[in-house]
Number of protein chains: 2
Amino acid sequence: MNNKRSSKTEKVIGHQFTAFYKIPIEKFFQFALSVDCIILGYHENRLKLLLIERGAEPHLGKMALPGDLAYPNEDINLAASRVLLDLTGLTDVAMIQTNTYGQVDRHPIGRVVTVGYYSLINVDQYSPLASSWAGNVLWADIDDLPDLAFDHKSIVGDALRILRERVRSQPIGFELLPKKFTLGDMQSLYEALLNTKFDKANFRKRMLSMGLLKDTKEIQTEVAHRPARLFTFDKVAYENLIQKGFTFEL
Amino acid sequence: MNNKRSSKTEKVIGHQFTAFYKIPIEKFFQFALSVDCIILGYHENRLKLLLIERGAEPHLGKMALPGDLAYPNEDINLAASRVLLDLTGLTDVAMIQTNTYGQVDRHPIGRVVTVGYYSLINVDQYSPLASSWAGNVLWADIDDLPDLAFDHKSIVGDALRILRERVRSQPIGFELLPKKFTLGDMQSLYEALLNTKFDKANFRKRMLSMGLLKDTKEIQTEVAHRPARLFTFDKVAYENLIQKGFTFEL
DNA sequence: TAGCTTATGGTTAATTTTACCAAAACACGT
DNA sequence: ACGTGTTTTGGTAAAATTAACCATAAGCTA
């Protein structure tokens with residue numbers, strides 16, 4: 001079938017079939033590409049999503065995912081990091097692709113295809129809460145989102161689905177926790193993330209048995225009950241275990 | 001920070017920050033978008049990948065994933081289905097996004113961002129083997145791929161990684177099998193897919209206990225040993241189980 | 001019919017998961 | 001200083017699942 005096509009073609013440029021359709025190649029270079037960031041944080045036992053208020057048409061005044069058009073000479077993965085940097089000052093945060101959205105009329109300005117990226121933010125390390133609540137940047141509770149611009153609602157839904165799957169086969173939950181955390185913190189996070197309840201004693205045993213947690217020898221202070229030990233995620237141990245075929249499972 | 005930006009902007013079009021950079025909006029609409037299909041089949045106990053020989057520069061003569069540019073007025077998901085249809089005659093095959101590749105210089109003709117899609121093909125139902133081997137379409141053994149054009153090697157690698165993860169949490173393996181299959185067929189498939197060995201008796205019990213297999217009451221013929229029963233995938237039962245919170249796990 | 005091969009039904013030991021219990025450790029109020 | 005409330009922590013035993021294996025069944029071939 002490919003043969004037939006090629007034989008009808010006088011000059012084939014770039015791609016296999018494009019010339020066959022007698023459309024000049026320039027006509028294909030009319031897309032714009034954007035990235036939209038699903039930035040999740042965890043605060044006071046709730047999952048939070050970073051939103052900005054749009055200062056421009058279309059959807060002026062509506063809340064939206066932080067996003068931007070990619071430059072014609074910019075790697076899209078780097079574009080995602082750039083947007084995150086612009087908005088939060090954060091660097092060295094892994095941006096992970098979720099999906100790409102290419103419906104024809106998703107953006108009124110023209111043909112804008114957008115790539116979703118999510119990242120998990122340790123709120124303590126970055127702590128955008130204080131300065132951000134006042135302005136037009138908002139950490140919204142994931143279960144109580146306002147109306148969102150464009151198709152951002154469904155982009156967020158997809159990202160959450162992907163995250164919830166990934167979080168139980170990879171130790172990415174730690175990215176949402178502060179450097180030092182208790183097993184209780186960790187359990188609460190996973191319970192919020194997966195919307196379940198775990199038996200406390202069993203959860204603890206499971207986590208400790210994986211060998212991913214390093215005991216800091218420090219303990220909580222200022223709590224009205226027996227203080228818990230503080231742990232850190234042992235990245236080195238994790239890489240070693242991966243080498244030996246270990247897989248995080250929850 | 002968003003405030004500062006907006007205040008410097010005279011006229012903001014479309015996106016939040018673009019006008020800030022003083023670049024006319026048209027400059028952003030210079031991308032082309034393509035789809036590349038990772039079409040996997042299963043034949044004679046081996047995973048196969050559908051490749052075409054490029055009939056055009058660049059990479060003329062090299063093998064490549066079937067792919068095409070998307071039209072400026074075409075939904076990218078539909079573009080993927082169109083390409084599959086063009087190439088194989090298949091309709092109603094679910095095309096699933098893998099990743100999106102947006103390195104700046106991945107395509108010599110210009111800024112082409114490509115979206116990967118995989119689909120699993122039941123070779124018996126479509127049976128492209130006979131007609132295809134002769135032409136410039138090839139089912140290549142997944143473990144013995146030729147040199148591929150562009151960044152297609154790494155696109156395939158990513159797709160396989162994603163598939164191997166997904167195949168153990170969703171019953172998509174069935175899409176690679178013929179309508180009726182034996183438990184042995186199924187086991188061989190999963191062993192090829194995941195590169196492991198299962199205990200035969202235990203594999204059988206596990207599968208049957210899920211209640212996803214419907215016994216056709218038919219048995220194999222023309223085999224030099226005790227013939228096995230033939231099963232089909234019970235899609236209805238699967239949907240019902242999903243409703244009750246069932247999750248396929250292997 | 002003997003012999004070969006794979007399917008199929010079962011049993012048992014090993015391992016993991018689940019459900020609970022009780023002591024420990026801190027803060028607070030009295 | 002001492003009981004009270006609360007959460008951590010270490011532990012045990014039952015329940016459930018997984019893994020390892022065996023024996024028989026059922027077709028084909030010679």
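These figures come from a predicted structure and were not determined experimentally. So that the names make sense, note that chain A is the first sequence line, chain B the second, and so on, each numbered from 1.
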Sidechain-backbone polar pair: His152(A) side chain, Ala64(A) backbone, donor-acceptor under 3.5 Å:
no

Polar contact flag, side-chain donor to acceptor under 3.5 angstrom, Asp158(A)-Thr98(A)
no

Are Lys200(A) and dT7(D) close enough that a side-chain N or O sits under 4.0 Å from OP1 or OP2?
no

Using atom CZ of Arg229(B) as one end and atom P of dA26(D) as the other, report the distance to the nearest whole Å.
11 Å

For Arg204(A) and dA22(C), what is the distance between atoms CZ and P respectively, to the nearest whole Å?
18 Å

Which comes earlier along DNA chain C counting from the 5' end, the contact point of Gly184(B) or that of Arg206(A), where each point is its nearest nucleotide?
Gly184(B)

Between Leu183(A) (CG) and dT9(D) (P), how many Å, whole number?
6 Å

For Gln243(B) and Glu239(B), which I'm curious about, is there any donor-acceptor pair between the side chains at under 3.5 Å?
no

Applying salt bridge (charged side-chain N to carboxylate O under 4.0 Å, His left out), name anything that partners Arg206(A), two or more places apart in sequence or on another chain.
none

Counting only distance, no hydrogens or angles, is the base of dT8(D) paired donor-acceptor with the side chain of Lys205(A) under 3.5 Å?
no

Gap between atoms CG and P, on Leu208(A) and dG10(D) respectively (whole Å)
8 Å

Spacing of Leu230(B) atom CG relative to dA7(C) atom C1', expressed in whole Å:
12 Å

Expressed as a whole number of angstroms, how long is the span from Arg226(A):CZ to dT9(D):P?
6 Å

Taking for each residue the nucleotide of DNA chain D bearing the nearest heavy atom, is the 5' side occupied by Ala224(A) or by Ala201(A)?
Ala224(A)

Please report, rounded to the nearest Å, how far the C1' atom of dA27(C) is from the CD1 atom of Ile219(A).
12 Å

Distance, rounded to the nearest Å, where Asp199(B) contributes CG and dA20(D) contributes C1':
7 Å

